[in-house]
Number of protein chains: 2
Amino acid sequence: MKTRRAVLDQQILQVEDQFVELWNNMATLWGISPTMARIHGLLYITGAALSMDDIMERLAISRGNVSMNLSKLVEWGLVRRVHKKRDRKEYYESLHDVWEMFTLVAAQRKRRELDPIINTLRRCKEALSPEVLGGRADDDPARERSQRINDLLKFLTLVDSLAQKFFESHRGLREAIALLAQE
Amino acid sequence: MKTRRAVLDQQILQVEDQFVELWNNMATLWGISPTMARIHGLLYITGAALSMDDIMERLAISRGNVSMNLSKLVEWGLVRRVHKKRDRKEYYESLHDVWEMFTLVAAQRKRRELDPIINTLRRCKEALSPEVLGGRADDDPARERSQRINDLLKFLTLVDSLAQKFFESHRGLREAIALLAQE
DNA sequence: TGCACCTTTCGATCGCTATTGAAAATTGTA
DNA sequence: TACAATTTTCAATAGCGATCGAAAGGTGCA
């Protein structure tokens, strides 16, 4: 007969699995790869520092794969390496704070995706400017396209500066956003 | 010798291509597929109502592919079908307003991605509740995990209600956000 | 210093989604 | 109503990133 303890542990494992599966699905939303997300999910939900072998076993992922994805997670800053005394293995632990994780992901995505887009848009705008087009500033098709690129730039630079502000002063904006959501 | 007009058109085409390529890269950011994004990019930047054949030729995409992706775009509400008199072909035209496009995409993603995640998290939380776990509310591992799920839920419901508010009253929140970004 | 343990790298595969193209369905016109 | 023009569907295929696993590379302890 199973002990009460064992039954509870069983249930916890089940919830953890569900959670990892969920994280897997959230991957697209956060813009990271599914396996990376699953590993992070496991580390987040258990709250423990796990070794590569722990993760391999628990998620049935190969050693190489775990290694690669863990380094990415460390690179993103979502996971920290932890050394345990008297143990040569490395252990890995997730950040605990949800807002901090969100901020890190947002910062990465801004740098990797948003910034290059804004730069390219600026170059497009430049290419359609009267100077480059050779004086015919009133050329209709060019003007129209220039306008649309501008609309987009306005929107994206707004998003950009909102993000920037957020990274600079977590606290204030965080509360402002919470307030906006309420009312 | 080429006319001035022809040279200008050439330059405009080049910028359009660059823009489509850019849209292609933005796809992950918006969470839509690259080809869908390219088609939408073309429709947005030209501002014109194009036929399937126009798009096929311009982007070198097969008929079936264009058809499928156009219906998705129509389904998302980013593109509208346009009928021209004396012409059996259908034409397709992008929305022009950047904020409106953003709202549409955000609404879709909330419904498809965020809502299911929040539901699953609630179920996870439920599964760890004292009632389900059978009275032992103070069980440590369960409590810890429950706490972490809760943190996440708080964060995601905040995002959710912010989005909700935004969909309800575009104008007010839009300005509030712009204000936040400024200062 | 040498050895055992652990991690990383990387070429070979795999699996999945995107894409094609042709056949079927639909639509509008004479 | 029949036919031609256009769109949609869908089975086959292609392409690409994810994954594996073994070999090479590090690292710390005796």
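Numbers restart at 1 for each chain; the letters A, B, ... are given by sequence-line order, proteins then strands. When reading the values below, keep in mind they use all heavy atoms of this one structure, side chains included, and skip hydrogens, waters and symmetry mates.
The aromatic rings of A:Trp30 and A:Trp23 are tilted relative to each other, their planes meeting at an angle between 30° and 60°. Ring geometry, A:His170 versus A:Trp99: the interplanar angle exceeds 60°, so the pair is classed perpendicular (tilted spans 30 to 60°).
One atom, CD of B:Glu90, and another, P of D:dT8, lie 7 Å apart when rounded to the nearest Å. The separation between B:Met52 atom CE and C:dT26 atom C1' is 13 Å, rounded to whole Å. One interatomic measurement links the two molecules: CZ of A:Arg38 to P of D:dA18, which rounds to 14 Å at whole-angstrom precision. In this entry the distance linking CE of B:Met68 with P of C:dT19 reads 10 Å, nearest Å. Atom NZ of B:Lys85 and atom C1' of C:dT29 are 17 Å apart (whole Å). Rounded to whole angstrom, the span from the NZ atom of A:Lys89 across to the P atom of C:dC5 amounts to 11 Å. Summarising the geometry, the separation between CD1 on B:Ile55 and P on C:dT20 is reported as 14 Å, rounded to the nearest angstrom. In this structure, NE2 of B:His83 is placed 12 Å from C1' of C:dG28, rounded to the nearest angstrom.
You'll find a donor-acceptor pair under 3.5 Å spanning the side chain of A:Arg88 and the base of D:dT27, going by distance alone.
Along DNA chain D, the nucleotide closest to A:Met36 and the one closest to B:Gly64 are compared, and the more 5′ of them pairs with B:Gly64. Between A:Lys72 and B:Ser51, the residue anchored nearer the 5' end of DNA chain D, judged by the nucleotide with its closest heavy atom, is B:Ser51.
By the neighbour-count criterion of 12 heavy atoms within 6.0 Å, atom NZ of B:Lys165 is densely surrounded, having more than that number from other residues, nucleotides or ligands. Counted within 6.0 Å of CD on B:Glu57, heavy atoms from surrounding residues, nucleotides or ligands total 12 or fewer; the atom is thus considered open.
Distance from the side chain of B:Asn65 is smallest for C:dT20 among the nucleotides D:dT8, C:dT7, C:dT20. Counting only heavy atoms from C-beta on, B:Asn69 has its side chain closest to C:dT19 among C:dT7, C:dT19, D:dT7.
Shown are B:Leu153, B:Asn150, B:Thr157; of these, the side-chain contact (heavy atoms from CB on, under 4.5 Å) with B:Leu121 is made only by B:Leu153.
Residue-level contact check: B:Thr35 touches the backbone only, with heavy atoms under 4.0 Å from sugar-phosphate atoms and none from bases. Residue A:Arg86 is classed as having no contact, given no heavy-atom separation below 4.0 Å to the nucleic acid.
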